[in-house]
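Heads up: the structure comes next, in structure tokens.
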Amino acid sequence: MSSVGCNEFVAQMGSWMEGEREPAAQAHLAHCEACRSLAADIDAIQSAAPTLSVADPEPPARVWAALRAQLVQEGLIREALPPPKGERQPWLAALFTQLPRPALAGACLALLIAVGFGIRGPVSQWTSRAPAFPLSAQLDTAEQTTVSSFAGSNSAVSASLHQNLEIVDHYIALCEKSVRDEPQNDAAREYLYDAYQQKADLIDMITERGDSIQ
Amino acid sequence: MKTQLMRPHSSFLQTFHRRFTPVESLRASLGTRRRIALRTSGVIIAGLLVCSTALADHIEKNFKVEAHPVITLHNPNGSVTVKAWTKPEVSVIATRASDQVEVDATQTGNRVDIMTHPVASGAPPDGLRTDFEVRVPEDAELQIHDDSGAVTVNSVLGDMNVETVGAGVDLADAAGYLTVKTIDGPFQCVRCAGRIEVSSISGSLRMVDLRSYQVRAQTSKGNILFSGEFLPNGMYELKNYSGVIEVRFSPGDSFDLSATSLKGTVNNEAKLSPPTHQQHFYSKFNNSLFGSFNSGRARVELSSFDGTINILKRN
């Protein structure tokens with residue numbers, strides 16, 4: 001039985017991950033520690049991957065608690081009184097109401113998008129989730145907060161930013177419709193997340209301008 | 001070293017008198033009505049000269065730098081023109097629309113920071129306009145921020161980061177790692193090399209005679225034109241939501257092509273063979289085209305949401 005070299009083994013990694021364990025590749029692993037270690041890592045990642053997709057679109061409470069504690073400690077947000085009984089604000093909306101200055105919104109949106117990408121699981125989870133587009137709703141909340149803080153500016157730049165925000169909103173609506181109509185269409189989902197990212201970047205830019213004119 | 005750039009003393013009055021004297025002598029030989037007309041026009045001319053001198057002033061400053069200097073320029077309103085020269089020096093010429101805006105230039109080691117800022121709040125945007133002409137060494141690294149106006153850079157070979165809102169970005173003979181971000185300003189790059197990353201929301205992107213090994217261009221609403229060489233092992237990713245993506249190829253090019261428009265169309269003039277290097281998955285939802293042109297040495301990925309993709313022969 002002939003063995004393969006390291007380069008050939010790495011080149012065959014795609015098949016290896018799909019479960020094709022050629023005898024020659026296995027023979028190579030028997031005497032190559034580096035490739036054995038690589039294969040073990042890949043197997044570990046592959047077996048852990050399914051558990052990384054969670055059904056809950058919100059990050060775990062402990063993550064938010066830790067983030068919040070850190071922000072309070074650094075004086076970036078204040079401890080707020082708990083909302084009245086029966087009223088529950090979305091976690092992101094609550095964060096935005098406490099931010100002392102809008103520039104932090106961008107950082108939080110980046111976190112939001114990261115979480116959004118993190119929760120991208122199998123299509124079945126995407127379609128069964130309710131509401132269908134939680135990121136969209138959260139971004140809208142962020143937009144309202146940010147745009148109202150920028151209302152004082154009347155420059156051409158401000159008009160351009162808002163006009164482009166409308167353009168991105170238009171694409172978000174198109175992509176959401178596309179994902180709704182064709183839930184199996186991965187490319188449409190990718191476009192949707194790109195549009196979310198663009199909106200987050202734009203809101204970030206608007207908050208920066210808002211900061212500079214205050 | 002922080003320098004507040006000051007307006008040089010104006011010799012306007014002397015210039016004005018020199019220009020006005022022939023008008024005065026001519027006036028003596030004319031009738032009353034013509035005299036009044038001339039007097040009026042003289043006042044207008046004088047007023048215009050006073051205004052132009054008072055409103056737009058010229059500021060110049062030079063900085064000695066070493067190899068690979070970093071130049072940052074923050075100018076929210078106005079044009080920025082940067083050209084390379086062979087001197088180890090950075091020259092900054094600023095033209096202010098009014099004294100409601102200040103220009104600060106700071107040198108820290110091998111870094112020159114140039115910035116404009118309003119003197120007081122509430123100034124009209126036209127009064128805050130400042131146009132820059134900057135000369136830098138060829139190997140300079142540039143970081144430019146210009147919301148509205150235009151950014152033009154010629155023959156600078158260092159890395160470059162340009163961010164604008166409405167300002168167009170026009171690069172020529174640039175190299176290095178170029179990152180450009182606009183909101184609705186158009187982008188053009190002619191004879192550029194190195195690595196290019198450009199993104200916009202509604203600006204169109206035009207890349208002509210490129211020799212870049214890595215290009216990533218994305219715009220939502222704008223068109224994208226790529227007409228350049230596909231270098232071996234190069235990676236070319238062009239993406240938009242709507243609009244036209246046009247790629248021009250020549251018979252000697254060699255690339256692996258993936259072109260997908262989810263809701264739009266793909267038009268192709270290249271004779272493609274089955275892809276040599278990559279596996280592609282055809283989707284029933286999209287209009288896709290995959291294949292290799294010649295031996296497929298570069299990788300070209302074109303994608304649009306509902307736009308048109310044209311892969312055309314270069315003339």
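No hydrogens, no waters, no symmetry mates; every other heavy atom, side chains included, goes into these values. Per chain, numbering begins at 1; letters A, B, ... match sequence-line order.
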Which atoms form the tightest heavy-atom contact between [X] and [Y], and what is the distance?
{"X": "A/Ser178", "Y": "B/Phe305", "result": "CB-CZ, 4.0 Å"}
{"X": "A/Ala187", "Y": "B/Leu262", "result": "CB-CD1, 3.8 Å"}
{"X": "B/Tyr241", "Y": "A/Cys175", "result": "CE2-SG, 3.7 Å"}
{"X": "A/Gln198", "Y": "B/Ser200", "result": "NE2-O, 4.1 Å"}

(request) Go through A/Asp194 and B/Gln218 one step at a time and tell me if the side-chain contact (heavy atoms from CB on, under 4.5 Å) criterion holds. (result) CA-CA 10 Å; A/Asp194 271 1; B/Gln218 175 167 351; 3.9 Å; yes
What distance separates [X] [atom1] from [Y] [atom2], expressed to the nearest 0.5 Å?
{"X": "A/Gln163", "Y": "B/Asp184", "atom1": "CD", "atom2": "CG", "answer": "6.5 Å"}
{"X": "A/Tyr191", "Y": "B/Asp306", "atom1": "OH", "atom2": "CG", "answer": "9.0 Å"}
{"X": "A/Met205", "Y": "B/Asp147", "atom1": "CE", "atom2": "CG", "answer": "7.5 Å"}

(message) Can you tell me which portion of B/Asn77 sits under 4.5 Å from chain A's heavy atoms? Options are side chain, backbone, both or neither.
(response)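 B/Asn77 has no heavy atom closer than 4.5 Å to chain A.
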(message) Report which part of B/Ser199 has an atom under 4.5 Å of a heavy atom belonging to chain A: side chain, backbone, both, or neither.
(response) neither
(message) Please enumerate all residues that pass salt bridge (charged side-chain N to carboxylate O under 4.0 Å, His left out) together with B/Arg111, with sequence neighbours excluded.
(response)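 B/Arg111: salt bridge (charged side-chain N to carboxylate O under 4.0 Å, His left out) contacts with B/Asp113.
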(message) Please identify, among B/Gly166, B/Ser303, B/Ser148, B/Ser220, the residue contributing the most non-hydrogen atom pairs under 4.5 Å to chain A.
(response) B/Ser220
(message) Counting C-beta onward and ignoring hydrogens, is there a side-chain heavy-atom pair between B/Lys263 and A/Leu174 closer than 4.5 Å?
(response)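 They are not in contact (no side-chain heavy atoms under 4.5 Å apart), so the answer is no.
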(message) Within a 6.0 Å radius of atom NZ on B/Lys239, are there more than 12 heavy atoms belonging to other residues, nucleotides or ligands?
(response) yes
(message) With a 4.5 angstrom heavy-atom cut-off, is it the side chain or the backbone of A/Leu202 that approaches chain B, or both, or neither?
(response) side chain
